[in-house]
Novice: 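The structure follows.
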Amino acid sequence: MAQVKLTLPDGSTMEVAAGTTALQVAEQIGPRLAKAALAAKVNTDVVDLSTAIERDADFAVLTFESPEGQEVYRHSAAHIMADAVLRLFPEAKPTIGPAIAEGFYYDFDVHKPFTDDDLARIEAEMAKIIDADLRFERQEVSAAEARALFEARDNSYKVEMIDELEEHDEQTISLYRHGDFTDLCRGPHVPSTGKIVAFKLTSVAGAYWRGDERNPMLQRIYGTAYPERKLLEEHLERIEEAKQRDHRKLGRELKLFSIFEEAGAGLVYYHPNGAMLRQIVTDFTIREHLKRGYQLVRTPHLLKSTIWEISGHAQQNYPMYYTRIEEQSYGIKPMNCPGHILIYNSDTRSYRDLPIRYFELGTVYRHERSGVLHGLLRVRGFTQDDAHIFCTPEQLTDEIVGVIEFAQDMLTTFGFNEYKVLLATRPDNAMGSDEMWQHGIDALGAALDQCNMDYQIAPKDGAFYGPKIDIALKDALGRLWDGPTIQCDFNMPERFDMSYVGADGQEHRPVMLHRVVLAGIERFLGALIENCAGNFPTWLAPVQVRILPITDRNVPYADEIAEQLREEDLRVEVDRESATLQAKIRGAELMKIPYMLVVGDREEQSGQVAVRSREEGDLGPRSLEEFLEHARVEAAMPHAAR
RNA sequence: GCCCACGUAGCUCAGUAGGCAGAGCGUGUCCUUGGUAAGGACAAGGUCACCGGUUCGAUUCCGGUCGUGGGCUCCA
C-alpha cells in the first residue's frame, strides 16, 4: 500500500499508509493526543478526524489548545443546542449557528421568544444528547437534494444559503448529522456529541437575519462550551471579575460621572473627580498635539444648515440635531470638519503652508438610537480630540505615519496594549475616482507597514468618501469599541472647493485626512477606567494623596501637610471623619487613591508622614521631602513614549 | 429604532397571592480619639420611574411613556 508523508507542526515527519484517518494518525502519535483530538488540519484545511489522508501534507492534530480546535468544539456544541431546541420546539427554524470568540450562538426563527426557563430546559435536553454520545457524520449531497431536504422542513433560510452556495459554484453541499438532527454545515465537527463536557447557555437576544434590520428578527441563544468543568468555571469567574471593572460601576463608586435619566440619555455629567481626570487627559492630549505640529482651533457648536447641505450631511440624513434661530435653520455639529474647512478656506493657501494640521477638542452631538447607548462608550454628546490634516498627495503617507505613531504613543502611554487594526477599503457606493481610492489605500497600507502594525483588511468597509484605518480598543468584557481612526476624504475638498497654490502657480486640490487619536474622550475614559480597573496611575488619579489624621488633634498638622503638597501641584484631600484609622484606610483604598499619608502624634512630633501606597501598602514613616521626591516624579505628566 | 429582561431609600437589593413599605451600606447627630481595609448608639431618607386604565382600594394587574441592562444595526 502507498505511503504518504506527513509533516508535523514541530517539523518532524512521519509516514503512514494512504487512507489512514486523521484520528488514527493522532493515535500513532500518542494516546493522550488522540483523546484530546477534536479535529485535524491538513495543509490549510480543518477537517474531521474521520478524514482519510490520501497524499503528502502538513498535518496537525487540533485540540482545544488551538483557536481552530475551540471553534470546532463550540460549533459542535451549537449543533447540539439546535438539536435540543428542535426536540423541545419542533416548529423552530434553525438559521445560522457559528462559534464566536468565547462561545457560540444559534439563531432561530420562532413564534415566541425563548424565556430563561426555556434555556434551562434546552440545557437539560443538550445533556441528554451529549450522554447519548451520538456520532457526527458528514454527508455530501447535491444542491438540489439539500434544497429538497430544507424545503420539506419549510426552512427558507437554509434554502437561501444553499442558493448562495450554488451561486458560488460549490460542487456539493455538506450536511452534518448526529442522531435525528441534520444541518447544513461546512464542518468540521468533533467525532461525537460526548466530546462536549462542560457547557452553559448564557443569554437570549433578538438578532436580525443576516444582521439587517429590514429582515425578520430571530431569537439568538448564546452559550459557551469547554472540555473541562474547571475551564468553564474559570470562564464564568472571568466574566464576574470583568463586571467588577465595568466603567459604569466604577464611575459611580469612584464618583466620576453620572448620566441623569431625568436630563437625557447619553449625556454625561462629570463630577469633580471625573472632571479632573478628563482635564488631565485633555491637557496631556493638547500638549502632545502641539508637540507634533498641530495648531489649536476652536469652532462653534451651531452652524447654519446650509453648511450641512454643502457637506452633504443634510442630504444623507445624518443623525444630527437641528434648531431654529430667527427663521434660520441651524444644525448642531455632529463633526468638526466643516468648521475647520471654513478656517482653511478663509485664506489663500500655498503648497509651502502644507501640511496644515488643525486640532480641536470638539464637542459634537449625534442622535444615536436609544438601543445602542452604553455608559460612556456610546453617548449622544461627546468630545473628540479631532484634527484635520490638509496636505499634498505626496505628503499623504508621511502624514498617516505621523498619526499612526501618535496613536501608538498615546495608547501605550495610557496602558492600552491590546487593540485591533483594520484597513477599510472601497465600498460599492463610493464616490471619487479609482485612482484616488487606490492612492489612499496604498498610502494607508504603506504607512501601516512602515509602522510595523499588524492589520486586517476590512473589504468595502470604508466611508463613501474615502478609505480609513480603524483601531479598536477592548472593554472589560472583551467587546471592541472603535478608538483611533484615520480617514482619507476625497469628498469634502471637492464640496467645499478647497485649494492651494502649487509650485507651478496653479490651483490644486488638497488631500484631507480626518483623524482622532483618543477618539471620543468619553469613550476613551470609559475604556481607560476599565483597562486600569479604576486604579489610575498617579499622574491621572483625580486625588493623588489623601491625608489621614489619626485623631482630631492631628487635623491641623494634616492641613499643614496638605497645604505643602498643594504647593507642589499635587491633588490632595484630608479625611476629617471621626472614624478609626482602619476605616479611613478602607475608605481611601475603596476610592483607589494612590497614596495615603497617615499622620498621628508620632509623625507630628517628628515632622514626618507615614506613607501607605495603594500598590505596596504600609511603607513606614519618612520625611515629607523624601515622599515628595518620589511623588513629584510619579505625579508628573509623562512624555509620550516615542 | 427592533427583540428580551428590568425600574422599590444616595448605593446594593428584599418584599407586597391588590389592603399604611423593609435590610445592609452610605448620610446626619451624639458617644468614642483610635496606628495601616469596617468602633458603638440613635435618627433622618421612599408619591415603590412617570402618565393613564381596571378596582371599594394599585408599588403589586393591564396599557402607554421615559430610562437601564444584554443583543441586533450603526458609529468616536
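Order of the sequence lines sets the chain letters (A, B, ...), proteins ahead of strands, with each chain counted from 1.
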Novice: Of A:H514, A:R357, A:H388, which meets side chain to side chain donor-acceptor pair (under 3.5 Å) against A:H340?
Specialist: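 Among A:H514, A:R357, A:H388, the one meeting side chain to side chain donor-acceptor pair (under 3.5 Å) with A:H340 is A:H388.
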Novice: Using nucleotides 46-48 of chain B, report all nitrogen or oxygen pairs with the protein that are shorter than 3.5 Å.
Specialist:
none

Novice: For A:R426, enumerate each residue passing the salt bridge (charged side-chain N to carboxylate O under 4.0 Å, His left out) test, keeping only those at least two apart in sequence or located in another chain.
Specialist: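 With neighbours one apart ignored, the set is A:D434.
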Novice: Got a sec, which residues hit side chain to side chain contact (heavy atoms under 4.5 Å, CB included) with A:A225, two or more places apart in sequence or on another chain?
Specialist: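 A:A225 satisfies side chain to side chain contact (heavy atoms under 4.5 Å, CB included) with A:Y73, A:R74, A:A77, A:F104, A:I196, A:F199 once adjacent residues are dropped.
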Novice: Test of understanding: with salt bridge (charged side-chain N to carboxylate O under 4.0 Å, His left out), list the residues that count as partners of A:D428, not counting sequence neighbours.
Specialist: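 Counting only residues at least two positions away or on another chain, A:D428 forms a salt bridge (charged side-chain N to carboxylate O under 4.0 Å, His left out) with A:K460.
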Novice: Can you figure out which of B:rG69, B:rG71, B:rC75 approaches the side chain of A:A205 most closely?
Specialist: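 From the listed options, B:rG71 comes nearest.
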Novice: Counting only pairs under 3.5 Å, give me each side-chain donor-acceptor contact of residues 260-276 of chain A, with atom names and distances, residues two or more places apart or in other chains.
Specialist:
{"from": "A:Y270", "atom 1": "OH", "to": "A:R278", "atom 2": "NH1", "distance (Å)": "3.2"}
{"from": "A:Y270", "atom 1": "OH", "to": "A:E522", "atom 2": "OE2", "distance (Å)": "2.9"}
{"from": "A:H271", "atom 1": "NE2", "to": "A:S258", "atom 2": "OG", "distance (Å)": "2.6"}
{"from": "A:N273", "atom 1": "ND2", "to": "A:L254", "atom 2": "O", "distance (Å)": "3.1"}

Novice: With 3.5 Å as the limit, what N/O pairs link the protein to nucleotides 60-66 of chain B?
Specialist:
none

Novice: Which salt bridge (Lys or Arg N to Asp or Glu O under 4.0 Å) pairs, counting each pair once, include a residue from residues 378-388 of chain A, with sequence neighbours left out?
Specialist: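 Sorted result for residues 378-388 of chain A: A:E368-A:R378.
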Novice: Quick check on the 6.0 Å ring-centre criterion: do A:Y465 and A:F490 meet it?
Specialist: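 Aromatic pair excluded; centres sit 6.0 Å or further apart.
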Novice: Select one nucleotide: of B:rU73, B:rC75, B:rC72, the one nearest the side-chain heavy atoms of A:A207.
Specialist: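 Of the options given, the side chain of A:A207 lies nearest B:rC72.
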Novice: If you measure from the P atom in B:rG26 to the same atom in B:rU12, how many Å do you get, rounded?
Specialist: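 One P to the other, the span is 15 Å.
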Novice: Do A:H75 and A:E71 have side-chain N/O donor and acceptor atoms under 3.5 Å apart?
Specialist: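 A:H75 vs A:E71: no donor-acceptor pair found between side chains.
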Novice: Pairs counted as Watson-Crick or G-U wobble with both distances under 3.5 Å: what dot-bracket string results for RNA chain B, using | for bases tied to another strand?
Specialist: (((((((..((((.....[..)))).(((((.......))))).....(((((..]....))))))))))))....
Novice: Can you identify which nucleotide, out of B:rA37, B:rA76, B:rU36, has its nearest atom closest to the A:Q384 side chain?
Specialist: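 Comparing B:rA37, B:rA76, B:rU36 against the side chain of A:Q384, the answer is B:rA76.
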Novice: Name all residues meeting the salt bridge (charged side-chain N to carboxylate O under 4.0 Å, His left out) criterion together with A:K255; count only those two or more places apart in sequence or in a different chain, and write none if there are none.
Specialist: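 None.
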Novice: Work out how far the P atom of B:rG19 is from that of B:rU60, and round it to whole angstrom.
Specialist: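 Going atom to atom, P in each nucleotide, I get 11 Å.
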Novice: Mapping A:P549 and A:R252 to their closest nucleotides on RNA chain B, which lands nearer the 5' end?
Specialist: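 Its nearest nucleotide being more 5', the pick is A:R252.
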Novice: Any side-chain hydrogen bond (donor to acceptor under 3.5 Å, both in side chains) involving residues 597-609 of chain A? Give me the pairs, sequence neighbours left out, ordered by first then second residue.
Specialist: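 Qualifying pairs: A:R553-A:D601, A:N554-A:D601, A:N554-A:E604, A:S606-A:Q608.
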Novice: Can you name the residues that form a ring-ring contact (aromatic ring centres under 6.0 Å, His included) with A:Y321, not counting sequence neighbours?
Specialist: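 A:H367.
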Novice: Pull out every protein N or O sitting under 3.5 Å from an N or O of nucleotides 28-31 of chain B, one pair per line with the distance.
Specialist:
none

Novice: Whole angstrom is fine here: how far is it from OH in A:Y557 over to C1' in B:rU33?
Specialist: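 After rounding, the gap between these two atoms is 18 Å.
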